[in-house]
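The next block holds one structure in the form of structure tokens; read it before the comments.
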Amino acid sequence: MVSFNALFLASTAFATISAIPTDLSARTGTPSSADANNTLNFYLSPGVGSNITYTNGPGGEYSVVWGGDFDFIIGKGWNPGSVQTINYSGIFNPVGNAYLCVYGWFINPLVEYFIIDNWGTYNPGTGGTHKGTVTSDGSVYDIYENTRVNEPSIEGTATFNQYIDVRQSKRTSGTITLANHINAWRALGMSVGTFNYQIVSVQGFDSAGSATITVG
């Protein structure tokens with residue numbers, strides 16, 4: 001049986017570059033180990049409250065409804081992640097700026113990565129350095145890189161790179177083959193370290209919407 005961990009991070013105020021969260025206070029810690037229900041502890045900053053509702057479903061299923069001037073990351077996955085093939089399906093209905101993606105971190109070196117299959121009104125690659133493309137799972141992904149300087153991370157305030165792969169053909173279900181993306185990053189000289197957590201994630205930025213996602 002595959003077990004899934006759930007992760008919920010939220011913050012009411014932080015600046016963004018390329019609409020990627022850069023000051024999410026809960027991201028400065030590492031998600032806790034799973035409890036008896038294979039659910040990680042949730043992180044919720046004061047002030048979000050009734051503006052977001054998360055429902056933790058069975059197995060790899062979760063849903064979220066949100067709306068307001070705050071940013072969040074929510075999802076289910078693995079801690080640590082791995083080079084694996086991830087299957088997911090669901091409904092994703094953003095109003096404004098939001099992403100549906102595989103999201104995670106490497107350590108040694110510290111890297112935050114996003115493999116984005118769907119988004120709202122803002123292309124998440126905007127403002128990044130376009131490094132190339134990779135064809136995977138039925139579409140071309142544009143590969144972008146950002147460098148964050150003295151920003152919050154899972155290791156505290158640090159300088160680190162972000163890898164952002166954006167699918168040209170949006171979708172809300174399918175397969176994401178991690179090996180294809182990692183091989184493309186390495187071929188472009190983008191360092192890959194040891195996996196930290198890895199989730200199939202819904203992320204929202206001063207927006208509204210709803211999503212129901214099943215991982216696996």
Side-chain angles (χ1 to χ4, degrees), residues 3-11 14-34 38-45 60 62 71-86 88 98-117 119 124-125 128-129 131 134 141 143-166 176-186 188-205 213 215:
S3 63
F4 295 95
N5 298 326
L7 171 67
F8 177 55
L9 313 178
S11 178
F14 54 81
T16 61
I17 291 181
S18 301
I20 297 293
T22 59
D23 189 22
L24 191 59
S25 59
R27 280 173 38 196
T28 60
T30 300
S32 66
S33 59
N38 294 315
T39 302
L40 289 173
N41 291 332
F42 298 112
Y43 300 84
L44 184 62
S45 296
Y62 68 90
D71 304 333
F72 72 90
I73 298 172
I74 198 167
K76 281 191 174 184
W78 302 266
N79 189 16
S82 65
V83 181
Q84 62 179 314
T85 298
I86 297 174
Y88 76 95
Y99 309 150
L100 173 62
C101 63
V102 169
Y103 170 74
W105 289 84
F106 299 119
I107 58 173
N108 300 319
L110 183 65
V111 173
E112 182 182 33
Y113 65 89
F114 306 75
I115 302 173
I116 299 173
D117 268 12
W119 67 94
T129 299
K131 302 288 288 187
V134 60
Y141 288 78
I143 301 173
Y144 300 88
E145 184 176 22
N146 283 326
T147 299
R148 312 300 304 140
V149 179
N150 295 329
E151 297 287 354
S153 77
I154 59 170
E155 294 183 348
T157 300
T159 296
F160 56 92
N161 287 338
Q162 295 173 324
Y163 301 165
I164 307 164
D165 289 7
V166 182
I176 295 178
T177 305
L178 266 294
N180 294 340
H181 296 269
I182 289 170
N183 290 339
W185 295 339
R186 286 175 169 153
L188 292 167
M190 301 162 69
S191 297
V192 174
T194 302
F195 282 96
N196 198 269
Y197 70 82
Q198 178 185 80
I199 59 176
V200 177
S201 174
V202 172
Q203 307 188 12
F205 312 95
I213 303 298
V215 185

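All residue numbers in this chain count up from 1 along the given sequence.
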Can you see which heavy atom on [X] is nearest to which on [Y], and at what distance?
X	Y	value
Phe114	Cys101	CD2-SG, 4.4 Å
Ser82	Leu178	O-CG, 4.0 Å
Phe72	Val202	CE1-O, 3.5 Å

With sequence neighbours left out, write down each residue that passes side-chain contact (heavy atoms from CB on, under 4.5 Å) with Asn108, or none if nothing qualifies.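 Residues passing side-chain contact (heavy atoms from CB on, under 4.5 Å) with Asn108: none at all.
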Check side-chain contact (heavy atoms from CB on, under 4.5 Å) between Thr159 and all other residues, then give those that pass, not counting sequence neighbours.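 Thr147, Val149, Asn150.
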Do the rings of His181 and Tyr141 sit parallel, tilted or perpendicular, given the 30° and 60° boundaries?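 Ring orientation, 0 to 90° scale: perpendicular.
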Classify the side-chain pair Gln162/Tyr144 by whether it contains a donor and acceptor separated by less than 3.5 Å.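 Short answer, no.
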Positive for side chain to side chain contact (heavy atoms under 4.5 Å, CB included) with Tyr163, one of Lys131, Glu145, Glu112: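 With Tyr163 as partner, Lys131, Glu145, Glu112 yield a single side chain to side chain contact (heavy atoms under 4.5 Å, CB included), made by Glu145.
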Residues which pass ring pair (Phe, Tyr, Trp, His ring centres under 6.0 Å) with Phe195, listed by chain and number, not counting sequence neighbours: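 Phe195: ring pair (Phe, Tyr, Trp, His ring centres under 6.0 Å) contacts with Phe106.
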Working to the nearest 0.5 angstrom, can you tell me the gap between [X] [atom1] and [Y] [atom2]?
X	Y	atom1	atom2	answer
Ile164	Ile115	CD1	CD1	12.0 Å
Ile116	Leu100	CD1	CG	9.5 Å
Arg186	Ser191	CZ	OG	9.5 Å
Ile154	Leu110	CD1	CG	5.5 Å

Donor-acceptor contact present, side-chain Ser201 to main-chain Ile74, <3.5 Å: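 Side chain of Ser201 to backbone of Ile74: a pair is present.
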